There are 2 protein chains.
Amino acid sequence: MTHPVRIVDTDVHNTFRHVNDLLPYLPEPHRSRVADAGLGYPGSGYYSVVGVLRRDAAPPGGGPAGSDPDLIKRQLLEEYGIDYAVLIGGGILGVSNLVDPDYAAALASAHNDWMIEQWLGNDARFRGAAVVSTLDPELAAREIDRVGPHPGIVEVVMGSGARFPYGQRYYHPIYAAAERHNLPVAIHPGTEGAGVANPPTAAGYPTSYIQWHTCLSQNFAAHTVSLVCDGVFQKFPRLKFVLIEGGVSWLAPLMWRLDKNYRALRSEVPWLTRMPSAYIKEHIRLTTQPIEEPEDPRDLLRIFEIVDAERTLMYASDYPHWDFDHPQTAFPRGLSETLRPRIMAQDALQLYGLPRVAAPAAPDAGTRRRGNAERAPSVSADAPDASPLPLGEG
Amino acid sequence: MTHPVRIVDTDVHNTFRHVNDLLPYLPEPHRSRVADAGLGYPGSGYYSVVGVLRRDAAPPGGGPAGSDPDLIKRQLLEEYGIDYAVLIGGGILGVSNLVDPDYAAALASAHNDWMIEQWLGNDARFRGAAVVSTLDPELAAREIDRVGPHPGIVEVVMGSGARFPYGQRYYHPIYAAAERHNLPVAIHPGTEGAGVANPPTAAGYPTSYIQWHTCLSQNFAAHTVSLVCDGVFQKFPRLKFVLIEGGVSWLAPLMWRLDKNYRALRSEVPWLTRMPSAYIKEHIRLTTQPIEEPEDPRDLLRIFEIVDAERTLMYASDYPHWDFDHPQTAFPRGLSETLRPRIMAQDALQLYGLPRVAAPAAPDAGTRRRGNAERAPSVSADAPDASPLPLGEG
């Protein structure tokens, strides 16, 4: 029983039941360190009064939310008819906030091996983002070379908290490797202001989680500006960069401001041959959760037009986090029936080169087509979806 | 010859011909220091390929752009029919980026005394923003108490670059003093990433001026979120906060995101009694330059509606900076004839408590009414302007 893919969830947080689950995948001396002291991730000190995990997502048998594949299948995939879930990891992205690049790289590798074995081998609907540490981009590139060929790995992911913006040359080995393996590079929030990362806003550390969470988009904006202006997309013309969970609407005024500045200051970035917003629309992808909710929903629909949501936007639930976005109710009523299937599935299918028919609920880890649909399409990316089902009232 | 005020320019940069102009206003040991080594401001290392000053604004007799009152009158006030210019200073805002709070406070005082004597005494169309250093808020409050009563001082101004967000309690003595003197507090960019200030973006230092300039809004966003969430406007209910030259459009998505987060996380900020966006619209004012220029100008007009431009937005030219906004051409054609006079003059007249008839081109430094029009209106703030002249084609 298969059907055309209807929903791809591009931000699902799986995690280990206990950090000891990673021990078999860690070499010494890192294994003893983790056994003795846990991951040792530095925190940023922010506390959410509503928690960060859905309480109903805690597995009945114990362990944190997101640690039981069967519960994710039941509570997310089957409940909402989600055909593919891109697993982003949970409690692991802080690798880039540590001080020791070797320890960080070993943790990332251990996590990726654990995910491949425990999750990607468990169900063909699970696809994985390989975590890398930015503390040593050459080691990160090696990790991408190591796990990138696995057919279940569809993305590279890094924390959005950073010491300096992601367009800078220091990071380029990561992009070279990702492009080599035809994998988009994604960033995800949560690590802002922790350990070696820059403070979480341009004005330093705010006092509470609501401020920290509201300002998370600033990292995404700074990285976007840097990726474009530092010439990453000129140097790596096939690279796609995915902004997970950073919001969407801020991108419209940012493009206006950057394009305006480019008109006056383009001699500073002579390698650019098009307007900055053109690079953004071609190379940047955004996931939807947490979607903005303006008083007048038409404002959000207009933002979707401005950011070219038809090709840039991908649905995400952020399961099992507290601010989960339901696929049927997250978007305003006026969303067109042309745009909806692009956001819910088609943009992600194309980006990740996923099959356009749903996977059977059993392992098929060897069957995924490698490569973006743009390079090796089995179905044209621009062809209308065979049978997009309405998802809510539009 | 007077007429109803048509244009108030809320961001004009006057400056000294040479730093030695400040020496007579500086006590020792600071006088000797400046005589020996100049201001000693730390820079942030960014360089604009187009310069930062209009070349045609350099006084024929020498000195930097903005240093000749007569040229400002001719090239700005008379050229564009500007009735009042709020002088923000130039080359002085870095006081808060220094390491020594006493030196910083002495510089701010010297600058304010110089401005009062040399500029506010020169022409009644000039009104001044008193510079304060944030390095010691108690000293800043004393400075506000000292110069705040001067009738030509209409505002307090600080750099937007900061070590931590401006809502935090450390800064509150500044707001108490400003409220006491019925003066709005303004912030202005340019000091981001210099000296003790936080790096200029949430992701650290970008590589070029175009990136730095594009990301300047991040500071304004972080300060806005902090001012609201840290309860400044609950504690100082008459305080207004002016965001000069930080852009406008970013505020719309920020309000959406903050209001949405408030619905879930309001128990973190129990002192708020209204939606965050309600505090923003009541207490925050924005100057227009550099205004965003979306491809479809209706997008900007819609942003104006969302941010309640009718009461929040004030025209600024940013003379003599390179990206000067002409009062007749800066705004899109569809701007309504109701909104235009509010932006061009009425909002500023009300905020700064300025006379609603233009000043004669001669000193009247003693005649200004102290206080916001809201408190002591001579003309109702909401009354239609007596004779708003059309400024361009609308």
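As the structure is a computational prediction, the values presented were derived from the model and not from experiment. The sequence lines fix the lettering, A, B, ..., with proteins before strands; numbering per chain opens at 1.
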Might you confirm whether atom CD of B/Glu282 has over 12 heavy atoms from other residues, nucleotides or ligands at distances under 6.0 Å?
yes
Within a reach of under 6.0 Å around CZ of A/Arg266, are more than 12 heavy atoms found that belong to other residues, nucleotides or ligands?
no
Of the listed residues ([options]), which shares the most heavy-atom pairs with chain A below a 4.5 Å separation?
{"options": "B/Ala203, B/Gly193, B/Pro199", "result": "B/Ala203"}
{"options": "B/Val50, B/Asp299, B/Asp259", "result": "B/Asp299"}
{"options": "B/Ser267, B/Ser208, B/Ala221, B/Ala202", "result": "B/Ala202"}
{"options": "B/Trp250, B/Tyr205, B/Phe220", "result": "B/Tyr205"}

Which bit of B/Ser48 is near chain A, if near means a heavy-atom gap under 4.5 Å: side chain, backbone, both or neither?
both
With chain B as the partner, which of [options] has the greatest number of non-hydrogen pairs under 4.5 Å?
{"options": "A/Glu295, A/Gln168, A/Arg163", "value": "A/Gln168"}
{"options": "A/Gly204, A/Gly161, A/Pro165", "value": "A/Pro165"}
{"options": "A/Val225, A/Ile306, A/Ile210", "value": "A/Ile210"}

Against chain B, label [X] side chain, backbone, both or neither, depending on which of its atoms sit under 4.5 Å from a heavy atom there.
{"X": "A/Ile291", "value": "both"}
{"X": "A/Ser277", "value": "neither"}
{"X": "A/Tyr262", "value": "both"}
{"X": "A/Pro276", "value": "neither"}
{"X": "A/Phe164", "value": "both"}
{"X": "A/Val228", "value": "neither"}

Ignoring hydrogens and angles, tell me if any N or O in the side chain of [X] forms a donor-acceptor pair with the backbone of [Y] under 3.5 Å.
{"X": "B/Glu292", "Y": "A/Arg257", "answer": "no"}
{"X": "B/Lys260", "Y": "A/Thr214", "answer": "no"}
{"X": "A/Gln218", "Y": "B/Gln218", "answer": "yes"}
{"X": "B/Gln211", "Y": "A/Ala222", "answer": "no"}
{"X": "A/Asp230", "Y": "B/Thr207", "answer": "no"}

CE of B/Met255 to OG of A/Ser249, rounded to nearest 0.5 Å, is 12.0 Å
CZ of A/Arg263 to CG of B/Asp323, rounded to nearest 0.5 Å, is 14.0 Å
Sole candidate of B/Pro253, B/Ser217, B/Pro294 that passes side-chain contact (heavy atoms from CB on, under 4.5 Å) when paired with A/Pro253:
B/Pro253
Measure the shortest side-chain to side-chain distance between [X] and [Y] over non-hydrogen atoms and say whether it is less than 4.5 angstrom.
{"X": "B/Glu268", "Y": "A/Tyr209", "value": "yes"}
{"X": "B/Trp322", "Y": "A/Leu265", "value": "yes"}
{"X": "A/Asn198", "Y": "B/Thr201", "value": "no"}
{"X": "B/Asp296", "Y": "A/Arg302", "value": "yes"}

Stepwise, does the side-chain contact (heavy atoms from CB on, under 4.5 Å) test hold for A/Trp256 with B/Ile303?
CA-CA 12 Å; A/Trp256 300 339; B/Ile303 295 281; 4.0 Å; yes
